[in-house]
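Encoded as structure tokens, the structure appears first; notes follow it.
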There are 2 protein chains.
Amino acid sequence: MSAKIKDVAALAGVSIATVSRALGNGPVSADLRERVEQAVAQLGYRPNLAARRLRSQHSQTVGLLVSDIRNPFFTAVSRAVEDAAYRAGMRVILCNVDEDVKKEAMYLRLMQEERVCGVIFSPTGDTASRFRPDRFEFPVVMIDRAGPPGLTDAVVLDNKQAAQQLVEHLIGRGYRRIGGLFGNSSTTGAERAAGYEAALVAQGLPVAARFVPPNVDAAVAAVKSWLTEPDRPDALIASNGLLLQGTVRALMEAGMSIPGDVALAGFDNDVWTGLVGHGLTVIEQPVYDIGTLAMEMLLSRLENPSLAKRKMVLNGILLARGSTAAKQA
Amino acid sequence: MSAKIKDVAALAGVSIATVSRALGNGPVSADLRERVEQAVAQLGYRPNLAARRLRSQHSQTVGLLVSDIRNPFFTAVSRAVEDAAYRAGMRVILCNVDEDVKKEAMYLRLMQEERVCGVIFSPTGDTASRFRPDRFEFPVVMIDRAGPPGLTDAVVLDNKQAAQQLVEHLIGRGYRRIGGLFGNSSTTGAERAAGYEAALVAQGLPVAARFVPPNVDAAVAAVKSWLTEPDRPDALIASNGLLLQGTVRALMEAGMSIPGDVALAGFDNDVWTGLVGHGLTVIEQPVYDIGTLAMEMLLSRLENPSLAKRKMVLNGILLARGSTAAKQA
DNA sequence: ACGAATAATGTAATCGTTTTCAATACAAAC
DNA sequence: GTTTGTATTGAAAACGATTACATTATTCGT
């Protein structure tokens with residue numbers, strides 16, 4: 001068994017209270033502190049976090065629930081959250097919800113049992129709007145996806161504006177039959193679809209939005225069948241990095257050239273998007289900022305629980321690359 | 001404050017021991033169990049894990065320390081570990097070491113403080129061989145990278161064989177000046193370099209291995225400068241997915257065609273590797289199996305601590321794609 | 001030189017569970 | 001009818017730390 005504080009106290013010849021103070025930041029004479037540290041080193045003592053948390057009623061831990069750990073967007077955000085948490089002396093429990101409502105509920109319950117001091121959370125499906133913050137002891141900051149304003153704090157992209165920008169870019173490059181592929185299980189997908197539609201309607205162009213589960217395989221299947229239909233699009237946009245991957249794969253397997261046969265644009269500046277063909281045009285999200293800001297928002301909420309709920313909206317930037325080169329008549 | 005077991009007991013009109021038993025699997029009459037469940041539901045009671053762990057001396061938790069969360073190899077492994085842990089009624093604490101020895105030490109210390117029952121771990125640098133399992137209370141299973149046999153349990157790829165296979169494939173396709181780019185901070189990089197070298201030496205071909213930090217930017221810089229040197233390679237291999245990304249980027253930015261100017265092959269069948277050019281030739285690792293087996297190995301070790309240490313070696317499979325098409329004379 | 005203030009230390013209560021142990025009730029066996 | 005055994009249940013002792021409070025030693029002002 002590992003050494004306990006009692007053993008350290010005995011070896012150092014002091015009381016356990018003194019050991020506790022020496023390890024924390026209580027007032028201890030240099031002399032005793034020295035002896036305690038010696039004893040700690042000699043025994044390889046490590047405090048038991050369960051005991052510490054139970055007594056101090058403070059977990060120093062935040063939960064981070066991401067929708068899909070395979071999506072580079074979320075790994076980038078999680079690094080930022082982790083860095084920020086670490087700076088603030090907190091730990092992060094990273095949970096992969098896997099776009100599964102049951103896992104989501106399970107992990108939220110776990111967060112309660114862990115008595116985390118807060119949760120950063122990208123809600124699945126309509127949990128975004130149905131979420132009941134009052135049923136949890138801890139404050140929640142939503143990222144990427146958010147419910148109605150005032151529900152919880154949130155850090156999100158201006159999805160509508162970004163999608164609109166993307167479509168306008170395609171229109172400007174001469175494309176007219178622009179299809180949109182969106183995730184069917186997040187507010188993000190819906191908002192991006194709205195921006196897509198608005199841009200097309202403004203120009204009197206036809207709208208063709210399709211909604212699929214947000215993973216690579218679903219996108220491949222959807223795009224493949226789409227391409228066999230009459231009047232196929234001359235351009236496509238995909239509403240996140242995974243759908244974009246699937247779209248590229250489907251186009252390649254169908255022997256289509258980009259942008260010759262179909263132009264392509266999407267979301268998330270994942271590294272590979274610069275490597276495909278002449279590069280894919282994407283909206284780059286400020287991923288690291290999103291994570292950092294979410295953590296800051298959570299910390300300020302912990303300091304001041306009575307503040308009004310805040311929703312921070314960030315803007316993506318358009319990276320125009322070869323996949324949306326001007327259409328050849 | 002959230003409800004405690006005492007509150008549940010009071011509401012149900014039973015002792016706290018009975019509540020504890022009703023929630024666990026102790027012997028409780030159907031009558032009382034019903035009343036307890038009602039009270040739990042009514043109060044929204046959730047047990048305090050810190051208290052439970054302190055008393056039961058069992059954390060039901062395993063730690064997973066990955067070298068770099070941005071590497072899809074590790075996210076795939078972590079999903080497998082999580083699934084397996086969940087099936088076994090355990091939680092996973094996922095820690096991103098970020099190829100940083102200090103973070104690695106910090107997280108190992110944290111694992112001790114959390115009193116995890118075991119750790120799955122891809123060690124950084126020469127921690128693989130320097131690691132002292134006896135300094136930790138918990139068993140360790142190393143993945144991807146491993147120290148000398150007998151040190152700890154491990155699940156790894158047959159790296160030497162895989163790299164050898166890759167080089168032989170290139171030789172078979174007509175390439176002769178084959179450069180190798182390897183991670184400089186893992187046993188994996190060294191083993192793959194050894195296989196690379198063995199294959200070349202066997203054919204009397206020149207060896208040109210370079211070692212860089214295992215991230216995209218380092219690979220970009222290394223390859224760019226490499227290409228400006230005289231007698232540049234006609235083929236390259238990259239020892240993991242991130243280095244492969246960087247290599248592709250450097251080649252593209254230098255205006256080189258693949259495989260026309262330089263053929264390319266690497267490790268890890270990340271989704272994007274199928275999308276670049278005519279596809280990149282890679283060694284596919286059984287990522288999900290690696291995670292699952294690591295967890296199984298850990299569980300069996302927990303059941304039977306005295307077993308001899310086991311090292312499980314898996315084989316990758318070569319996916320030949322366009323990036324290594326036969327060399328044009 | 002004395003009393004008050006201040007600083008360092010120790011004693012013991014406490015956090016919310018699980019679990020040991022004793023107590024009770026009731027049926028079966030003699 | 002007493003004894004023995006078998007379930008349930010409750011009372012109370014842990015688990016390993018932090019921290020409120022009491023105590024002692026030290027310093028300082030007068």
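What you are looking at is a predicted structure, and each value in this text was computed from that prediction instead of being measured.
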Worksheet entry | Spacing between B:Ile16 atom CD1 and D:dA12 atom C1', to the nearest angstrom | 9 Å
Worksheet, complete the sentence: Taken to the nearest whole Å, CG/A:Leu54 to P/D:dA14 is 17 Å
Discussion item. From NE2 of B:His58 over to P of D:dG16, roughly how many Å is that when rounded to an integer?
Written reply: 15 Å
Practice prompt. Answer with yes or no whether the side chains of A:Ser78 and A:Thr75 bring together a donor and an acceptor at under 3.5 Å.
Written response: no
Worksheet item: Taking CZ from A:Arg52 and C1' from C:dT17, how many angstroms apart are they, rounded to a whole number?
Response: 20 Å
Discussion item. Assess whether a salt bridge exists between A:Arg53 and B:Glu114, defined as any Lys/Arg side-chain N lying under 4.0 Å from an Asp/Glu carboxylate O.
Written reply: yes
Item to complete: Scan side-chain atoms only and decide if B:Gln112 and A:Ser2 contain a donor-acceptor pair under the 3.5 Å cut-off.
Response: no
Response to the item:
Expected list for residues 107-117 of chain A near DNA chain D, using heavy atoms below 4.0 Å, is none
Worksheet item: Will you find, in the side chains of A:Tyr107 and A:Asn96, an N or O donor that is under 3.5 Å from an N or O acceptor?
Response: no
Discussion item. Strictly below 4.0 Å: does A:Thr18 bring a side-chain N or O up to OP1 or OP2 of C:dG10?
Written reply: yes
Practice prompt. Report which part of the nucleic acid A:Ser29 touches: base, sugar-phosphate, or nothing (heavy-atom distance under 4.0 Å, all strands).
Written response: sugar-phosphate
Practice prompt. Specify the residue among B:Gln57 and B:Gly13 whose closest nucleotide of DNA chain D lies further upstream toward the 5′ end.
Written response: B:Gly13
Practice prompt. Report which part of the nucleic acid B:Leu49 touches: base, sugar-phosphate, or nothing (heavy-atom distance under 4.0 Å, all strands).
Written response: nothing
Item to complete: Take atom NZ of A:Lys4 and atom C1' of D:dT18, then tell me their distance rounded to the nearest Å.
Response: 17 Å
Worksheet item: Can you check the A:Asn48 CG to C:dG16 P distance for me, whole Å?
Response: 16 Å
Worksheet item: So what does B:Arg53 touch, heavy atoms closer than 4.0 Å: a base, only the sugar-phosphate, or nothing?
Response: nothing
Worksheet item: Going by distance alone, is a donor N or O of one side chain under 3.5 Å from an acceptor N or O of the other, for B:Ser300 and B:Arg310?
Response: yes
Practice prompt. Quickly work out the B:Glu34 CD to D:dT8 C1' distance and round it to whole Å.
Written response: 18 Å
Discussion item. Expressed as a whole number of angstroms, how long is the span from A:Gln60:CD to D:dA17:P?
Written reply: 17 Å
Worksheet item: Do you see a donor-acceptor pair shorter than 3.5 Å between the side chains of B:Ser122 and B:Ser67?
Response: yes
Fill in: Under 4.0 angstrom between A:Ser20 side-chain N/O and D:dA17 OP1 or OP2
no
Discussion item. Return whichever of A:Arg46 or B:Arg55 has its heavy-atom-nearest nucleotide of DNA chain D closer to the 5' end.
Written reply: B:Arg55
Worksheet item: Are B:Ser15 and D:dG10 close enough that a side-chain N or O sits under 4.0 Å from OP1 or OP2?
Response: yes
Worksheet entry | Close aromatic pair by centroid cut-off 6.0 Å: A:Phe131 and A:Phe136 | yes
